[in-house]
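Report on the structure given below.
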Amino acid sequence: MPMNINSKYNPAEVEKKWYDYWMQHRFFHSEPDEREPYTIVIPPPNVTGVLHMGHMLNNTIQDVLIRRKRMQGYNALWVPGTDHASIATEAKVVGKLKEEGIEKNQLTREEFLKHAWDWTHKHGGIILKQLRRLGASCDWERTKFTLDPDLYESVIKVFVDLYRKGKIYRGYRMVNWDPVAKTTVSDEEVIYTDEEGTLYYLRYPIVGSENEFIEIATTRPETILGDTAIAVSPLNEKYKHLIGKKAVVPIADREIPIIADDYVDPEFGTGALKITPAHDPNDKEIGDRHQLDLIDIFNEDGTLNQYGLHYEGMDRFDVRKAIVKELDEKNYLVKTEKHTHRIGRSERTKAIIEPRLSRQWFLKMKELAGPAIEAVRNGEIKLIPKKFENLYFHWMENVRDWNISRQLWWGHRIPAYYYGEGENDYVVAENLEEAVKLAREKTGNPSLTEKDLKQDEDVLDTWFSSWLWPITVFDGIRHPENPDFKYYYPTNDLVTAPEIIFFWVARMIIAGYEFAGDKPFSNVYFTGIVRDKLGRKMSKSLGNSPDPIEMIDQYGADAVRVGMLMTSPAGNDLPFDIELVYQGRNFANKIWNGFRLLKNMKIDENKAQPEYAAQAVKWFTNRFLQILSQVEDDFEKYRISEALKKIYSLVWDDYSSWYLEIIKPPYGEKIDRTTFEQSINILENILKLLHPFMPFITEEIWQNIKPRSENQAIIISSYPQTGEFDKNLISEFEHIKNIISNIRKIRKEKNIPNKEKLVLYMVENRKLNPELLSVLYKAANLSAIHYGNYEDAALSFRVDKNEYFIPIEKLVDPEEEKKKLQEELTYLEGFLHSVRKKLNNERFVQNAPPQVVEKERKKESDTLEKIKIITKRLEKL
RNA sequence: GGGCGAUUAGCUCAGUUGGUUCAGAGCGCCUGCCUUACAAGCAGGAAGUCACUGGUUCGAAUCCAGUAUCGCCCACCA
């Protein structure tokens with residue numbers, strides 16, 4: 001049926017229609033059955049986030065993988081969901097409340113959480129809606145949120161379990177303290193700049209020896225009041241005799257040990273380092289190694305506390321000035337030097353960050369990491385590309401204990417319950433009831449009640465719930481025997497960004513072995529970072545990121561998907577350019593017009609299939625299988641961009657430029673039924689190959705190219721199967737294409753209209769399948785093909801060892817023809833020379849594998865033959 | 001400073017265990033075409049000392065060493 005189809009593909013009309021159709025028919029939904037599962041869990045985006053270019057790339061890849069497997073007969077499941085993202089979400093809620101004039105600290109925990117939930121319900125899930133626009137075929141019926149009751153319960157259960165196994169402990173950790181905001185800030189929120197400061201050289205008297213001092217250098221003289229040791233390098237001869245002795249802290253008048261530690265650089269400053277474990281991260285580590293005391297000299301606002309002695313209550317920077325003066329007066333200050341060093345300032349308040357000790361919960365990582373390292377080492381889990389394995393091993397082998405507590409309210413509240421003020425006056429339990437029971441046992445006080453217990457105020461790090469994601473989305477912590485978990489776990493592929501290889505990927509692997517007894521996934525595909533043309537990371541704050549939804553509105557999801565994938569090999573950054581989306585859009589249009597051509601053809605039921613069409617069908621069928629096998633290989637190796645490029649070229653070059661042009665009936669004629677049906681078949685296969693990349697346009701065409709019954713859809717159709725193909729046929733067809741190109745070139749050079757028929761003479765040194773000549777007639781518009789040499793004036797060209805002539809009466813200039821032949825000859829002689837150079841090299845003939853030598857011999861003889869042909873031709877002219 | 005990776009056409013990248021005319025693709029650029037599917041198109045074309053230096057080898061874009069530049073991760077010095 002001819003119909004009126006616009007020559008421009010219009011994605012906006014099409015995309016919503018088919019997404020709704022897929023949803024209505026629950027094609028994305030999966031339930032365990034007898035098929036083999038193929039499972040991906042989404043890296044859960046922040047619940048209140050919006051879609052950015054990184055998500056686009058990431059989720060397009062996941063959708064390509066899942067759609068392909070679905071068509072290949074797997075029970076494919078892609079589990080979507082969101083992450084509560086404690087820090088990011090809490091910051092947003094705090095900011096929004098501030099705008100309304102409400103400070104967080106005016107609210108109770110319950111009041112604040114209500115605001116947070118309201119916010120989550122209002123903005124949460126926007127990103128999931130946006131993913132639908134991209135075409136993501138997630139099983140939305142299984143959408144999870146990391147704060148869902150079942151996930152919450154699982155996280156708490158895991159905490160308790162780890163605590164009972166002795167893997168969770170309380171300890172102190174340096175945090176970035178903002179004395180103006182009176183809060184901790186994350187590492188990411190600290191901005192470092194080089195600033196000019198002063199290095200103060202101070203001397204500490206040695207206990208027990210008259211007039212002997214040890215000299216140190218510091219940029220922060222006020223912190224001497226918190227000193228608990230002086231460290232020197234054990235290799236430093238200068239101080240060897242002092243190790244084990246004591247020194248006196250000036251002003252504070254405390255005695256502190258002189259210790260040896262490798263951390264100290266004997267070359268820097270004086271070679272001796274004052275140790276203030278409460279106020280410097282490195283000093284803290286040294287302090288831990290040597291069991292030094294901790295003296296915290298600061299209040300929350302950066303003024304000194306009682307350990308500041310007579311400076312109590314003064315600001316840290318005022319104290320610095322004052323104490324330098326006092327040290328100088330008392331003759332402890334040796335000298336000062338200008339010194340440039342990096343200073344960390346709070347992003348928000350610009351206040352200089354104060355390293356401050358704070359009590360936190362930690363998870364011991366060393367033992368847990370063992371099986372996770374082994375799994376990657378023995379290939380049970382593959383990282384793609386492989387280069388990330390080095391990074392993984394390096395981190396895992398030097399893994400530090402994980403600080404899992406955060407001073408926030410939005411998240412999973414730490415299930416520790418305190419019944420007293422003492423260091424160990426707490427119990428860890430899954431709920432309050434259980435906690436009471438445990439507390440009674442621990443204290444021996446049976447009258448203890450819920451009212452006597454106070455739950456820890458902190459919540460768990462967001463990653464402490466995400467690391468369980470592949471397990472908890474199937475409820476595998478609470479009910480490890482449930483059918484979903486048994487069927488879908490372990491999942492197959494994970495697609496994520498290399499930035500979170502430690503935060504998330506490594507920890508998921510650990511959790512998988514620890515809590516599920518098996519890996520969480522088999523392959524991890526790392527995408528790159530999406531950058532702009534200038535190489536900058538696309539980010540909201542830079543404003544250099546296009547709005548993905550606007551792009552989809554304008555160019556269609558298929559175009560955007562193709563644009564994202566066209567040039568993004570695993571692990572490589574993607575320099576995004578809108579040109580890529582244009583290319584995707586143009587490609588969609590190309591496919592669309594191929595469809596239009598077929599759709600508008602009129603069929604002659606009585607017409608027999610022309611030979612050229614039969615040959616074209618045969619060729620394309622083989623060519624398709626050839627490309628299909630290459631594409632399968634690419635997918636096997638996760639070379640997704642490569643697969644797309646091959647399909648792109650198959651569709652554009654082989655299918656559109658060659659196949660369709662050949663089978664297209666001459667103007668005004670109808671097409672025969674056989675060719676038409678075969679062409680539809682071919683198109684269907686092409687659409688299937690394309691569907692994972694371009695789900696919408698392929699569904700639209702597939703549904704319209706022939707009548708379909710309800711419940712049929714390309715999304716659930718079966719993917720083409722690889723098979724044997726005739727390489728020889730493909731190569732012969734290449735030869736024919738080559739002849740056609742040469743004839744087109746001649747037409748162009750000589751200004752011969754395409755409508756004018758030409759005669760071709762050919763000298764066949766390589767025999768061609770005569771049936772293929774029908775294609776030649778059709779595509780080159782020939783009136784006759786003669787075998788044999790053409791002796792008179794003619795234009796000639798050579799393909800392989802064959803020689804072809806196009807006789808043209810007037811327009812042939814023998815000189816021009818001679819020149820062309822001469823050029824060819826020169827090239828061939830040069831080539832022959834290089835081949836012979838190899839063959840004359842005895843060592844080559846002896847050492848190279850026989851096939852290689854054989855190939856060179858063949859090259860030699862072929863070239864000689866070609867040279868002979870040209871020489872003969874030249875003689876005649 | 002430590003570790004990892006990269007460097008191939010104007011741009012973005014392939015080049016799969018050294019061996020086909022191996023120097024490729026897409027985009028861009030140049031030329032000619034509004035040819036009855038598609039100008040978001042068609043037909044042609046130009047363009048690279050494979051970062052540099054040396055080595056291994058019969059043979060190197062491919063393997064090794066060094067140098068330069070860039071990127072990423074970690075530690076960033078009292």
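So that the names make sense, note that chain A is the first sequence line, chain B the second, and so on, each numbered from 1.
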Problem set entry | Evaluation steps, salt bridge (Lys or Arg N to Asp or Glu O under 4.0 Å), between A/K737 and A/E734 | CA-CA 5 Å; A/K737 280 162 68 178; A/E734 268 316 299; 2.9 Å; yes
Ignoring the backbone of [X], work out which of [options] is nearest its side chain.
X	options	value
A/E579	B/rC42, B/rC27, B/rA40	B/rC27
A/R639	B/rC38, B/rU35, B/rA14	B/rA14
A/R744	B/rC38, B/rA43, B/rA78	B/rA43
A/K748	B/rC27, B/rU31, B/rC38	B/rU31

What I want to check is whether an N or O donor and acceptor connect the side chain of [X] with the base of [N] at under 3.5 Å.
X	N	result
A/K590	B/rC38	yes
A/K274	B/rA78	no
A/E642	B/rA25	no

For this session: Just say parallel, tilted or perpendicular for the rings of A/F502 and A/W395, cut-offs at 30° and 60°.
Result: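 Rings of A/F502 and A/W395: parallel, as their planes differ by under 30°.
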Exercise. In terms of the angle between their ring planes, are A/Y655 and A/Y659 parallel, tilted or perpendicular, with boundaries placed at 30° and 60°?
Worked result: parallel
Problem set entry | Rounded interatomic separation in angstrom, taking CG from A/N738 and C1' from B/rA43 |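 Going from CG in A/N738 over to C1' in B/rA43 covers 15 Å.
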For this session: Please report, rounded to the nearest Å, how far the P atom of B/rG41 is from the CG atom of A/N754.
Result: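 Spelled out: CG on A/N754 to P on B/rG41 is 19 Å.
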Exercise. Which residue lies toward the 5' end of RNA chain B, A/P575 or A/G668, if each is placed at its nearest nucleotide?
Worked result: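 Nearest-nucleotide comparison on RNA chain B picks A/P575.
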Exercise. On RNA chain B, nearest-nucleotide positions of A/K645 versus A/D634: which is more 5'?
Worked result: A/K645
Does [N] have OP1 or OP2 sitting under 4.0 Å from an N or O in the side chain of [X]?
X	N	value
A/K745	B/rG45	yes
A/N847	B/rC58	yes
A/N282	B/rC76	yes
A/K838	B/rG59	no
A/S741	B/rG44	yes
A/W652	B/rC42	yes
A/N586	B/rG41	yes

Exercise. Is A/D633 salt-bridged to A/K637, going by a charged N under 4.0 Å from an acidic O?
Worked result: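 Yes, this pair counts.
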Exercise. When you check the side-chain N and O atoms of A/D653 and A/S649, is any donor under 3.5 Å from an acceptor?
Worked result: yes
Any base atoms under 4.0 Å from [X], or only sugar-phosphate, or nothing? Heavy atoms, all strands.
X	result
A/I591	nothing
A/P849	base
A/D577	nothing

